[in-house]
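Residue numbers start from 1 in every chain, and the chains themselves are labelled A, B, ... in the order their sequence lines are given, proteins ahead of strands.
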There are 2 protein chains.
Amino acid sequence: MASDRPYSSIIERLKNAGLRPTRQRLALAKLLFEKGNRHLTAEHLHGEASAANVRISLATVYNALHQFTAAGLLREVVVEPGRSYFDTNVEEHHHFYREDTCGLEDIPGEHLQVGDLPAPPAGTSVTRVDVVIRVKSDQGST
Amino acid sequence: MASDRPYSSIIERLKNAGLRPTRQRLALAKLLFEKGNRHLTAEHLHGEASAANVRISLATVYNALHQFTAAGLLREVVVEPGRSYFDTNVEEHHHFYREDTCGLEDIPGEHLQVGDLPAPPAGTSVTRVDVVIRVKSDQGST
DNA sequence: TTATTTTCTAGAATCGTTCTAAGCTATTGA
DNA sequence: TCAATAGCTTAGAACGATTCTAGAAAATAA
């Protein structure tokens, strides 16, 4: 059985981020954070909400995703023009991107080290280093 | 004075790529490849063409950019949702991306090595590894 | 409760990009 | 040279993802 306060930690996370724990944000947070690491687009999450009988407008999904991202609860990943993915894993890590299926996967953090980082342009400092390993299915796939 | 055959090498490049050297494609290739390494969006290139008194439709700019990319003359770089950059440098290299000005810069190839590449998901093989170092201007900038 | 502020919503608007159908243009081969 | 033909360009419509708008609803504060 689940705890009798299944939302309490999510409510805390939202409050700490300065966001009111509204019905919509709770529902989205639940979908996002209670299933392990996920990589979702806004449309996709909106679809999941509908499937879970949570009526919510697409605009609200976009708002929530950006607010969660600003609060550090999500991370936005850009791998394709015209579509944003939101990653529930905010630890330092990188991605595989399957060009044929448009699927994103985390690369475990221990792997992949980026060395010999050059100095950033004068007057700037690094905010993040993104590595995307693009892959495609092998030819003779069944 | 310029050579008396200023287009000949560009014409060859287009022909080798199976593209007719039309007026529009020549003009775009000239803008793209005769100014060192560049990172341009379609809109930006269209603007440059207009500024150079080359009348060309935006659709043609998009077509040409994609054809050049398919031919290996350009490389597409995705760093921001909703906008594609095309890079005239097709050698293996990576990028700085200035989040505040939306500017893209090459990182010289000798720098930055990615080590300990994990094996790609079963049934797939790597097509490319993209590294983007995101930077922002320092606070007290004048 | 009531007042205040924030949030949500549907739908319109916007953005970059792609599509369409028609008219041009480069190339080919008589 | 001259059509014939295949490929290219075009303006404008269409598109998909995202953002905006203005008013209604809900959360918090007093």
Exercise. Identify whether the distance between the nearest side-chain nitrogen and carboxylate oxygen of A/Arg38 and A/Asp106 falls below 4.0 Å.
Key: no
Quiz item: In chain order, what residues pass the ring pair (Phe, Tyr, Trp, His ring centres under 6.0 Å) check against A/His95, with sequence neighbours excluded?
Solution: A/His39, A/His93
Quiz item: Are any of B/Arg25's side-chain N or O atoms less than 4.0 Å away from OP1 or OP2 of D/dT9?
Solution: yes
Quiz item: Separation of A/Leu14 atom CG from C/dT6 atom C1', in whole Å?
Solution: 14 Å
Quiz item: Looking at A/His66, does any N or O in its side chain come under 4.0 Å of the phosphate oxygens OP1/OP2 on D/dT18?
Solution: no
Exercise. Have a look at B/Thr22 and say if it touches a base, only the backbone sugar-phosphate, or nothing, with a 4.0 Å heavy-atom cut-off.
Key: sugar-phosphate
Quiz item: Given D/dA11, C/dC8, C/dT17, which nucleotide is nearest the side-chain atoms of B/Tyr62?
Solution: C/dT17
Exercise. Give A/Arg83 one of three labels, base, sugar-phosphate or nothing, depending on what nucleic acid heavy atoms sit under 4.0 Å from its own.
Key: sugar-phosphate
Practice problem: Please test A/Glu76 against A/Thr69 for side chain to side chain donor-acceptor pair (under 3.5 Å), starting from the C-alpha separation and ending with a verdict. | Solution: CA-CA 7 Å; A/Glu76 190 173 359; A/Thr69 301; 5.4 Å; no
Self-check item: Residues A/Gln24 and A/Thr60: side-chain donor-acceptor under 3.5 angstrom
Solution: no
Quiz prompt | Salt-bridge criterion met for B/Arg83 and B/Glu80 (N-O under 4.0 Å) | solution = yes
Exercise. Round to the nearest Å and state the distance from B/Leu19 atom CG to D/dG7 atom C1'.
Key: 11 Å
Practice problem: Check the distance between C/dT9's C1' and A/Leu28's CG and give it to me in whole angstrom. | Solution: 14 Å
Exercise. Find the distance between CG (A/Leu45) and OH (A/Tyr62) and round it off to the nearest 0.5 Å.
Key: 10.5 Å
Quiz item: So what does B/Pro21 touch, heavy atoms closer than 4.0 Å: a base, only the sugar-phosphate, or nothing?
Solution: sugar-phosphate
Quiz item: Between the side chains of A/Tyr97 and A/Glu105, is a donor N or O closer than 3.5 angstrom to an acceptor N or O?
Solution: no
Practice problem: Can you tell me the distance, in whole Å, between the CD atom of B/Gln24 and the P atom of D/dT9? | Solution: 5 Å
Quiz item: Side chain of B/Arg20: nearest nucleotide among C/dT17, D/dT10, C/dT27?
Solution: C/dT27
Practice problem: To the nearest Å, give me how far apart CZ (B/Arg23) and C1' (D/dT9) are. | Solution: 9 Å
Quiz item: Pick the nucleotide of DNA chain C nearest each of B/Phe86 and B/Lys15; which residue has the one closer to the 5' end?
Solution: B/Phe86
Quiz item: Looking at DNA chain C, which of residues 95-103 of chain A put a heavy atom within less than 4.0 Å of it?
Solution: none
Quiz prompt | Within 6.0 Å of CZ in A/Arg128, more than 12 heavy atoms from elsewhere | solution = yes
Quiz prompt | Any residue of residues 41-58 of chain A with a heavy atom less than 4.0 Å from an atom of DNA chain C | solution = A/Arg55, A/Ile56, A/Ser57
Self-check item: Salt-bridge present (B/Arg134, B/Asp100; N to O < 4.0 Å)
Solution: no
Exercise. With A/Arg13 as the cation and A/Phe68 as the aromatic partner, state whether NZ or CZ is under 6.0 Å from the six-membered ring centre and within 45° of the axis.
Key: no
Practice problem: Between A/Gln67 and A/Pro81, just flag the one whose closest nucleotide in DNA chain C comes earlier from the 5' side. | Solution: A/Gln67
Self-check item: Candidate nucleotides C/dA10, D/dG12, D/dT9, ranked by approach to the side chain of A/Ala59 - the nearest
Solution: C/dA10
